Amino acid sequence: QVQLVESGGGLVQAGGSLRLSCGASESIFSGNVMAWHRQAPGKTRELVASITSDGRTFYAEFVKGRFAITRDNVKNTVYLQMNSLKPEDTAVYLCYGNWDWRDYWGQGTQVTVSS
């Protein structure tokens with residue numbers, strides 16, 4: 001069983017920055033894709049950003065230019081740098097990874113953006 005553990009969430013003012021980390025118990029080098037999703041209360045889960053093993057990235061339109069996803073295959077860690085945060089970014093952010101065509105999720109870390 002692959003374990004994903006997020007950290008770095010917290011309370012930040014609008015316009016501020018936060019960096020989330022997701023540590024994986026298995027190597028992410030051979031992983032097909034790693035991603036960050038988020039879910040606010042009463043809302044559906046939505047993809048924020050993803051990154052393939054060779055570094056190709058995808059960003060949801062609502063975070064383009066503000067967020068950046070990176071991965072460190074040596075540390076088996078995926079990061080989400082969040083800048084220019086808005087109150088609507090408030091959500092539980094969950095780490096996602098794929099191994100052997102199976103999906104794995106972290107437990108999530110709360111991000112709250114105040115105005």
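This structure is a prediction, so every number in the text was calculated from the model and none was measured. Sequence positions, counted from 1, serve as the residue numbers for this chain.
Judged by distance alone, with hydrogens and angles left aside, the side-chain atoms of Asn76 form a donor-acceptor pair with the main-chain N or O of Ile28 at under 3.5 Å. Here the side chain of Gln39 pairs no donor or acceptor atom with the backbone of Thr44 at under 3.5 angstrom. Ser25 places a side-chain N or O within donor-acceptor distance of the main-chain N or O of Gln3, the cut-off being under 3.5 Å.
In this structure, the separation between CD on Gln81 and OG1 on Thr70 is 8.0 Å, given to the nearest 0.5 Å. To the nearest 0.5 Å, atoms NZ (Lys64) and OG1 (Thr57) are separated by 9.5 Å. To the nearest 0.5 Å, the span separating OG on Ser114 from CG on Leu85 amounts to 10.0 Å.
At a threshold of 4.5 Å between non-hydrogen side-chain atoms, the residues Tyr59 and Arg66 do not count as touching. Side-chain contact between Tyr104 and Gln1 is present, with heavy atoms from C-beta onward closer than 4.5 Å. Within the 4.5 Å cutoff, the side chain of Ile69 has heavy atoms near those of the Val78 side chain. Leu94 places a side-chain heavy atom less than 4.5 Å from the side chain of Glu6.
Of all the heavy atoms in His37 and Val48, the pair that sits closest is C-CG2, 4.0 Å. Considering every non-hydrogen atom in both Ser21 and Trp36, the closest pair reads O-CH2, 3.6 Å. Ala60 and Leu47 get closest at one heavy-atom pair: CB-O, 3.3 Å. Of all the heavy atoms in Gly9 and Val111, the pair that sits closest is CA-CG2, 4.2 Å. Across Cys95 and Met34, no two heavy atoms sit closer than the pair SG-CE, 4.1 Å. Closest approach of Leu80 to Ala49, counting heavy atoms only: CD1-CB, 4.3 Å.
Close placement of the Tyr96 and Trp105 rings is indicated, their centers lying within 6.0 Å of each other.
Residues Leu18 and Leu11 do not share a hydrophobic cluster, defined by chaining ILVMFWY side chains whose heavy atoms lie under 4.5 Å apart. In terms of hydrophobic clustering, with Ile, Leu, Val, Met, Phe, Trp and Tyr side chains grouped at heavy-atom distances under 4.5 Å, Val113 and Phe62 are assigned to a common cluster.
Within 6.0 Å of atom CD in Glu46, more than 12 heavy atoms from other residues, nucleotides or ligands are found, so the atom counts as buried in its surroundings. When the shell of 6.0 Å around CG of Asp103 is examined, it contains more than 12 heavy atoms from other residues, nucleotides or ligands.
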Show your working on side chain to side chain contact (heavy atoms under 4.5 Å, CB included) between Asp89 and Phe67 and close with a plain yes or no. CA-CA 11 Å; Asp89 293 320; Phe67 291 9; 4.0 Å; yes

How far apart are the C-alpha atoms of Gln110 and Thr90, what are their side-chain angles, what is the distance that settles it, and do they pass the side chain to side chain contact (heavy atoms under 4.5 Å, CB included) test? CA-CA 8 Å; Gln110 177 70 45; Thr90 296; 3.9 Å; yes

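Side-chain atoms of Asp72 and Thr77 form no donor-acceptor pair, as typed in the model, at a separation below 3.5 Å.
Cation-pi geometry between Arg71 and Tyr79 is not met at under 6.0 angstrom from the ring centre and within 45 degrees of the axis.
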